[in-house]
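Okay, structure first, notes after.
Within every chain, numbering begins at 1; the chains are lettered A, B, ... in the order of the sequence lines, protein sequences first and strands thereafter.
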There are 2 protein chains.
Amino acid sequence: MSPTPRKLEIITAASTLFKEKGYSAVTMRDIAKALGIKAASLYNHIKNKEEILTFIIISLAEEFIKGIALIKNRDSSSVEKLKQIITLHVEIASNNTNGMASLNNDWMHLKDELDHYLNLRVDYEDSFREIIKEGIEKNEFKNLNPDIMLFSVLSTLRSLYIWIPLKEDMDPSVLASNLSEVLLKGINK
Amino acid sequence: MSPTPRKLEIITAASTLFKEKGYSAVTMRDIAKALGIKAASLYNHIKNKEEILTFIIISLAEEFIKGIALIKNRDSSSVEKLKQIITLHVEIASNNTNGMASLNNDWMHLKDELDHYLNLRVDYEDSFREIIKEGIEKNEFKNLNPDIMLFSVLSTLRSLYIWIPLKEDMDPSVLASNLSEVLLKGINK
DNA sequence: ATCGTAAACTAACAAGCGTTAGTTAAATTT
DNA sequence: AAATTTAACTAACGCTTGTTAGTTTACGAT
């Protein structure tokens, strides 16, 4: 199940290219060239192009599902849980900005595992929405449309992969706490 | 300069497909089929595939540039200006969710007009950042890292094209005001 | 009625695509 | 030392790609 080192190198090289041009615009010859080999040699390590994308996306989606499952069942305040979700996103995105690009932009090119991915995404959003609703009930969050709140926060977190590489100087924990401030309290003084 | 009606139909059909699968995964035959014609017939109306993408992206980018130029030079408060930017995004995205997908995800496939697009984007972000810095100086906004504030707000606004079609019942002006509340004041009570 | 134009068509192209088959050379195991 | 395995290679496949050339059809203007 766990990929061999060489397979991981292929996946890593592919991730970089997928982020630059998107899955469809990257050819097997592009990936091979990035590794200094011929395209046919890739098939000693992977089944096909789709398997590369599937691995990138599903393993990230499962990281998020595992993370939010832990957070959901803690007995912290809703504010605390939201901060932990923000930290979760910052950590995962910091470790793999390239993969996050595919998770966000290339998921529709999955075939065998598309349903699996969509289920994971719905589960994640449901858990997130539930934490927001809980926070409203417990009077920790404003009583606004939960979907708009979810949309707003999640849009920011999903875009992290774009911004993190532009701010390599910034420590992930600093980014997470600044982001918590902005998302929870807004930018208005 | 302004496209003929038939050309606009082609661009519109292409936009829908580009949103679904991304520019690279959409073929000229796909676009033709959506219009009930053959691929070769498209070339009676357009120069090539790239021209379609260029039109979609550049005309949207110029809408944003024109919008923010007007807002920048008004003598409103910074809070007021930010609300106007939010309204600008909601309006443009509501009118053309398909095109917004290309603006966000397919710009790297521009060739002739890539530099032009990048210049427009930098100009837009600079104007936006300037409004935020002004708001900090005038004590209307928190004194946090302006880039994080810009990133957070802009990420939400740039993702609108995904969420608007899921919430067709919601009026654009209601969405804009709810969004202003969340982005300015946060979700924390 | 004829002309000119607009917009569709068929047919075909060269290039690039993902992938397979079969081979070779080096490293590891027996 | 021999046998096996690993990971690269060359060559080629059938298919799809964007695009061009040349043709046909319908229609409004002369």
message: Restricting to ring-ring contact (aromatic ring centres under 6.0 Å, His included), what partner residues turn up for B:Tyr124, sequence neighbours left out?
response: B:Phe64, B:His89

query: Between B:Lys111 and B:Glu51, is there a side-chain N and carboxylate O pair less than 4.0 Å apart?
result: no

task: Please report, rounded to the nearest Å, how far the C1' atom of C:dA6 is from the CG atom of B:Leu35.
output: 16 Å

statement: Whole-Å distance, B:Lys47 NZ to D:dT20 P, equals 10 Å

Salt bridge (Lys or Arg N to Asp or Glu O under 4.0 Å): pairs with one or both residues in residues 132-143 of chain A, sequence neighbours excluded: A:Lys81-A:Glu134, A:Lys138-A:Glu140

field: d(CD, B:Glu9; C1', C:dA7) in whole Å
entry: 12 Å

- request: Return the set of residues passing ring-ring contact (aromatic ring centres under 6.0 Å, His included) with B:Phe141 (not counting sequence neighbours), or none when no residue passes.
  value: none

Which protein N or O atoms sit under 3.5 Å from an N or O of nucleotides 21-29 of chain D?
none

- prompt: Rounded to whole angstroms, how far apart are CD1 on B:Ile31 and C1' on D:dT17?
  reply: 12 Å

Donor-acceptor pair between A:Thr156 and B:Thr156 side chains, under 3.5 angstrom: yes

query: Has A:His45 got a side-chain N or O lying under 4.0 Å from the OP1 or OP2 atom of D:dA8?
result: yes

message: Distance check needed: D:dT20 P versus B:Leu42 CG, whole Å only.
response: 12 Å

message: Is A:Ser41 close enough to D:dC9 that one of its side-chain N or O atoms is under 4.0 Å from OP1 or OP2 there?
response: yes

Expected rows: protein N/O vs nucleotides 14-18 of chain C N/O, under 3.5 Å:
| from | atom 1 | to | atom 2 | distance (Å) |
| --- | --- | --- | --- | --- |
| C:dG18 | OP1 | A:Val26 | O | 3.4 |
| C:dG18 | OP1 | A:Lys49 | NZ | 3.2 |
| C:dG18 | OP2 | A:Met28 | N | 2.9 |
| C:dG18 | N7 | A:Arg29 | NH1 | 2.9 |
| C:dG18 | O6 | A:Arg29 | NH2 | 3.1 |

- request: Using only heavy-atom distances, determine whether the side chains of A:His45 and A:Thr4 contain a donor-acceptor pair under 3.5 Å.
  value: no

- prompt: Starting at NZ of B:Lys38 and ending at C1' of D:dT19, how long is that distance when rounded to a whole Å?
  reply: 16 Å

No-hydrogen, no-angle side-chain donor-acceptor test under 3.5 Å, A:Thr27 and A:Asp30: yes

- prompt: How many Å lie between CD on B:Glu50 and P on D:dT17, as a whole number?
  reply: 19 Å

- prompt: Starting at NZ of B:Lys33 and ending at C1' of C:dC9, how long is that distance when rounded to a whole Å?
  reply: 16 Å

- prompt: What heavy-atom pair brings B:Ser24 and A:Ser24 nearest, and what distance separates the two atoms?
  reply: CB-CB, 3.8 Å

task: Can you run down the side chain to side chain donor-acceptor pair (under 3.5 Å) pairs that involve residues 158-186 of chain B, sequence neighbours left out, and say none if there aren't any?
output: A:Asp147-B:Lys167, B:Asn105-B:Tyr161, B:Glu125-B:Arg158, B:Asp171-B:Ser173

